[in-house]
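Just below is one structure, and these are the notes that go with it.
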Amino acid sequence: PATTSAAAMAPELHQFLSNATAQSAAFFEQTPWGHQAEVLVHERYFSGSGRECLRLQVTPAAVPTQVAIACDQNGQWVSVRPVTQLLNAR
């Protein structure tokens, strides 16, 4: 996955992503994907580059649900573009 934002996530979101298991869900006021969003973890996996990643379902306030990817980059979770979704959209 390609990194879209190297900005560090809020500490609460970082902690959630670090400890979450599949089907874990939590609500956050601020996320890289929108404000007042429910974040649901679908699965943990390792990317082709070897980074630990999470496939997420994010539902921000007043915005349709979206698939999101977050990967651990040097001990910080960052939002990355879901490359396979872009390819499948063509």
Side-chain angles (χ1 to χ4, degrees):
T3 300
T4 57
S5 171
M9 293 186 185
E12 310 82 40
L13 181 54
H14 175 79
Q15 183 176 1
F16 172 75
L17 296 177
S18 295
N19 299 317
T21 57
Q23 302 308 309
S24 295
F27 181 85
F28 298 94
E29 286 294 322
Q30 182 81 20
T31 76
W33 311 285
H35 303 295
Q36 299 179 339
E38 181 183 53
V39 177
L40 170 69
V41 176
H42 278 285
E43 66 177 328
R44 285 187 176 272
Y45 66 95
F46 287 94
S47 69
S49 64
R51 292 192 296 176
E52 180 180 13
C53 296
L54 296 168
R55 184 174 318 282
L56 309 169
Q57 176 180 309
V58 181
T59 309
V63 178
T65 299
Q66 58 188 305
V67 172
I69 304 290
C71 293
D72 185 328
Q73 181 172 306
N74 302 319
Q76 293 293 317
W77 288 97
V78 295
S79 173
V80 296
R81 184 175 62 239
V83 175
T84 55
Q85 253 194 334
L86 294 175
L87 294 175
N88 290 337
R90 290 184 173 186

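All values derive from a computational prediction rather than experimental measurement. One-based numbering along the sequence shown.
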For the residue pair [X] and [Y], what are the closest heavy atoms and their distance?
| X | Y | value |
| --- | --- | --- |
| Ala22 | His42 | CB-O, 3.6 Å |
| Trp77 | Ser18 | NE1-OG, 2.9 Å |
| Val78 | Arg51 | CG2-NH1, 4.2 Å |
| Met9 | Ser79 | CE-N, 3.5 Å |

**Message:** Just verifying a value: how many Å separate Gln76 CD and His14 NE2, rounded to the nearest 0.5 Å?
**Reply:** 5.0 Å
**Separation between SG of Cys71 and CG of Leu17, rounded to the nearest 0.5 Å** = 10.5 Å
**For Thr59, side-chain hydrogen bond (donor to acceptor under 3.5 Å, both in side chains) partners two or more places apart** =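 Scan of Thr59 (side-chain hydrogen bond (donor to acceptor under 3.5 Å, both in side chains), adjacent residues dropped) gives Thr65.
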Heavy atoms, side chains only, cut-off 4.5 Å: are [X] and [Y] in contact?
| X | Y | value |
| --- | --- | --- |
| Leu54 | Phe16 | no |
| Ser24 | Asn19 | no |
| Gln57 | Val67 | no |

**Message:** Check for me, please, whether Phe46 and Leu56 land in the same ILVMFWY cluster - side-chain distances under 4.5 Å, paths through other members count.
**Reply:** no
Please tabulate, for side-chain N and O atoms in residues 34-41, each donor-acceptor pair with protein atoms closer than 3.5 Å (sequence neighbours left out).
{"from": "His35", "atom 1": "ND1", "to": "Gln30", "atom 2": "OE1", "distance (Å)": "2.8"}

**Prompt:** Is the count of non-hydrogen atoms from other residues, nucleotides or ligands lying under 6.0 Å from Glu43 atom CD greater than 12?
**Reply:** yes
**Prompt:** Who pairs with Glu12 by salt bridge (charged side-chain N to carboxylate O under 4.0 Å, His left out), at least two apart in sequence or on another chain?
**Reply:**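 With neighbours one apart ignored, the set is empty.
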**Worked check of side chain to side chain contact (heavy atoms under 4.5 Å, CB included) between Val80 and Gln73** = CA-CA 10 Å; Val80 296; Gln73 181 172 306; 5.8 Å; no
